[in-house]
Amino acid sequence: MKRFLAIFLLIVFLITGGVLISREISNLLVDSSDQYYANVGAIESLKLLDARWSLIAVSTLNNPDSSFDKLADFLPAVRKLRNTLEVSSLQSSATPDVIKYQVRRFLLQIEAKEDLIEQFKSSFAIIRNSLEYFPLASHALMTKMREQGDAAATKEISEQYERITAFLQKPTEGAKVRLLIELNRMNEKVMSYPQEISIPLGNFVSHARVLVERKIQLNDILESLTNRRAIDAGDELLATYGALHAKQREYKNSEAAKGVYINLGLAVAVTLFGVYSSLLLWRKDRDFEKKLASGIEEKTEHLEDQKAESSQLLVSDNIDRNLEDMGRMAATVAHEINTPLGYLDGNLQVLHNGMKKVNSLFEGFSSLQQDINPMHDANAIKLRLENYESQLQNIQDEAMFDELPSIAEDMQEGIEQIKHVVNDLKEFTRKDRSDKDWMDLKQSIQSALKMAGAEIPESTTVKLSLSEIPKVYGAPAEINQVLINLIVNASHAISDAGRIHGMIKIETRCEKENIILSILDNGAGMDAATREKIFDPYYTTKEVGKGTGLGLAVVRRIIKDHGGRIHVKSIQGKGTNFIIVLPVKPISD
Amino acid sequence: MLRRTRKGRLILCLPIVLMASMALYAGEPLLNEPIKPIDAVVEADVEKVALGRKLFLDPILSKDSTLSCASCHDLKAGGADRGKRVSTGIKNLAGSVNSPTVYNAVLQFRQFWDGRAETLQDQADGPITNPVEMGSRWPDLLARLYAHPEYPDMFSKIYTDGITRNNVKDAIATFESTLLTVNAPFDRYLKGDDTAISKEAQRGYQLFKKYGCVSCHQGKNVGGNMYQVFGVINNYFKVRGNITESDYGRFNVTGNESDRFSFKVPSLRMAKYTPPYLHDGSQPTLLDVVNIMFRHQLGREAPVEDKKAIVSFIESLAGEHEEMK
């Protein structure tokens with residue numbers, strides 16, 4: 001009987017010990033590095049493909065005998081790399097959110113490039129045919145009209161032809177609209193001509209229309225083809241990923257590794273001990289039985305130790321998550337500031353290049369004045385003046401001065417955005433704005449509604465149901481901010497949902513020792529995943545540049561400072577309800 | 001899962017004899033043309049191709065075991081549906097668009113008229129589960145395959161996980177990828193054999209380029225590598241009338257207004273054998289569809305002799321395949 005028990009114990013210990021040991025060893029050996037380097041490789045390859053794809057598209061412009069096979073041939077490679085990234089980083093729970101977010105953004109840019117290539121192929125095929133045929137069609141039409149002796153009509157077509165060729169050289173939106181109106185007018189007249197004229201005239205108008213309608217579009221496509229969006233998104237992803245990976249490695253080499261070694265040691269000890277005690281049991285030694293009892297106790301202790309160990313691991317898990325939070329926050333702030341910095345930089349470059357030219361002209365003029373007397377050579381002065389004139393013309397042609405206001409505006413906007421980000425950050429960390437006093441919540445609601453008024457969609461009704469409530473002890477500035485924030489969010493949710501009859505309902509009531517404030521909207525609502533994250537700092541559902549994702553984090557911080565709680569209920573597509581519970585009694589600071 | 005199998009690979013249709021005989025031709029090969037010859041060197045696992053072929057021809061794939069892939073993609077009739085405007089599915093239900101040829105489909109950049117499938121593997125899902133085509137549900141189909149006397153063994157020989165949805169699609173797609181047509185008269189002409197196509201067809205090719213057909217129908221497959229709006233110059237659907245959802249083409253996939261009435265440009269390779277034409281199967285002959293293209297896509301006039309020459313060029317694009325014999 002005891003032998004049977006001994007064998008049983010031996011097997012149990014060997015199996016559990018084996019599992020524990022192999023798990024710890026695999027923890028020690030498996031390094032996310034493989035995954036990391038494979039992903040980096042995929043990202044770099046995709047960046048390269050993206051650039052080459054554009055290059056080949058542009059090169060087909062000048063090669064009339066090239067086929068689009070070369071462009072379509074990219075698809076399998078892009079598809080494969082995209083799948084690799086999706087499987088290994090997006091679908092893996094080990095990937096930090098910030099990386100997932102940036103991978104998704106990068107892949108979206110690659111997808112956008114794919115769409116762009118499709119647009120290019122279709123658009124270029126059409127334009128190319130019409131560019132080739134339009135002169136022939138015009139010539140055929142004018143010949144026919146001349147044969148008919150219609151000099152006025154011939155002249156009209158000839159002028160129209162010139163206007164369209166001029167447009168193709170320098171297409172503008174204004175000219176496009178004017179030409180399309182003229183072409184429509186011509187089209188209406190087509191049927192009034194005899195067939196010899198109406199057919200070539202119809203062809204002329206059709207092809208002219210194709211060219212006018214699509215030329216700007218093709219130019220835009222070509223310009224977008226050369227943008228660096230995918231490459232920039234890829235670089236940003238690589239930078240964040242690289243930094244995170246370095247941090248993880250560092251961490252692994254220090255703390256975590258130690259934990260794993262301890263666990264490994266424990267697992268080995270438990271197994272050896274188990275095997276040992278089973279063997280003792282095998283010998284049926286009575287004395288050993290007692291030892292066995294104490295052995296089991298000891299084993300339990302070991303297991304307890306292990307539990308403590310794993311809770312330590314939990315702590316390190318938290319550290320990981322904090323690192324991840326900080327990484328995400330840093331990435332968002334960097335991105336929020338980077339974008340406006342990008343166009344500040346670009347515009348400064350434009351200004352700088354422009355100013356260089358203006359400067360050289362200015363210097364030329366000032367030296368000319370000094371030279372005029374001793375030079376006396378009228379011809380030389382004339383030549384110099386002509387030179388300056390062409391420089392001036394050059395500057396005018398570049399239209400830099402026309403662009404100055406918009407350049408300044410862009411830069412101003414960039415600075416505003418950076419200011420906004422910095423203010424938000426300050427707001428988030430600021431603790432001294434909490435000058436508290438007894439305040440009337442009703443009044444706060446009224447003034448918040450006034451201040452947020454511009455954001456509330458016109459057709460939205462605001463229902464107030466404010467029962468008599470005692471005054472609250474709090475910081476009016478902060479509570480106001482909370483109210484404005486929630487009202488603005490509700491308004492945005494309503495316009496996002498495109499509601500014709502929007503509704504925001506604000507309710508206050510008193511329950512026991514608490515004041516309940518509820519703000520309800522029938523806006524777009526959100527899903528469970530979004531709902532869980534909205535209070536996280538730097539989580540935002542708004543477009544880049546529209547919000548820093550600090551709003552609700554600040555709201556929660558303020559409510560917490562006031563000793564209150566905030567809850568959210570939301571149904572996607574139906575609406576959202578924020579409920580704030582504030583204590584009537586002031587909390588001691 | 002796609003898995004490279006251990007079995008030896010077969011190099012199908014390597015036309016060594018052809019290459020040797022080409023040395024006898026006097027002409028220079030035409031290398032710088034927008035249309036390229038198909039070189040059908042397909043590397044594929046022989047057993048997988050055999051399994052895929054069996055599945056392709058087997059009515060077991062349809063709900064009531066009446067239709068196989070080959071019912072609408074007849075390999076003996078150019079890989080399409082023998083002159084039918086649209087195909088007939090189970091219970092005599094009518095499909096919504098004309099069945100395109102399965103030959104050279106692997107060369108297309110996307111599958112279906114609206115390009116909604118990225119690969120042949122993805123494409124296979126469509127007809128099998130479409131209620132008006134084969135009308136199967138995967139669990140039922142897999143059960144039918146499990147109960148079959150041969151399939152379980154055939155699958156487990158090739159795939160470690162046996163009969164699965166992905167493996168069925170993979171086998172069919174692998175078979176389809178071997179359906180490349182070689183030795184087309186026009187391809188021989190491109191490779192330097194001046195006598196491979198008639199003078200009429202040669203003139204047709206020059207006209208095909210001159211009138212701009214080649215802007216969209218180019219590459220190895222003479223089409224099948226881009227999307228284009230149908231009705232660039234003149235609105236086709238206004239003239240035809242009775243617009244249905246499938247006429248919206250790519251719009252049904254992307255929801256972009258600019259994709260409305262946009263379709264994958266079809267390959268002209270097997271056009272000779274696969275009337276009627278267009279996604280709606282409305283044009284009974286090649287000359288009819290050439291007329292439509294001149295009117296709606298090119299917006300040009302051309303004498304009927306030119307159009308006939310283009311037709312004989314298009315007919316010279318059709319190549320050969322073992323399955324057609």
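The sequence lines fix the lettering, A, B, ..., with proteins before strands; numbering per chain opens at 1. All heavy atoms count here, side chains included; hydrogens, waters and symmetry mates do not.
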So which part of [X] gets closer than 4.5 Å to some heavy atom of chain B, the side chain, the backbone, both or neither?
X        : result
A/Ile117 : neither
A/Leu75  : side chain
A/Ile199 : side chain

Can you name the residues of residues 296-305 of chain B that have some heavy atom under 4.5 Å away from a heavy atom in chain A? B/Leu298, B/Gly299, B/Arg300, B/Glu301

Report, by ascending residue number, the residues of residues 253-265 of chain B in heavy-atom contact with chain A at a distance under 4.5 Å; give 'none' if the set is empty.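 Result: none.
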
Using the six-membered ring wherever Trp is involved, compare the ring planes of B/Phe251 and B/Tyr248 and label them parallel, tilted or perpendicular (cut-offs 30° and 60°).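 Because their plane-to-plane angle is over 60°, the rings of B/Phe251 and B/Tyr248 count as perpendicular.
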
So B/Phe313 and B/Phe208, would you call those rings parallel, tilted or perpendicular, with 30° and 60° as cut-offs? tilted

Please classify the contact of B/Glu33 with chain A as side chain, backbone, both or neither, using a heavy-atom distance under 4.5 Å. backbone

Electrostatic pair [X]:[Y] at N-O distance under 4.0 angstrom:
X        : Y        : result
A/Asp73  : B/Lys220 : no
A/Arg185 : A/Glu188 : no
A/Lys80  : A/Glu86  : no

List the atom of B/Gln202, the atom of B/Ile197, and the distance in Å for their closest heavy-atom pair. NE2-O, 3.4 Å

I need the minimum non-hydrogen distance between A/Ala524 and A/Asp496, along with the two atoms involved.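 In this case the closest contact between A/Ala524 and A/Asp496 is CB-CB, 4.2 Å.
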
Highest number of heavy-atom pairs under 4.5 Å with chain B: which of A/Arg209, A/Gln119, A/Arg79, A/His207?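 Option with the top pair count is A/Arg79.
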
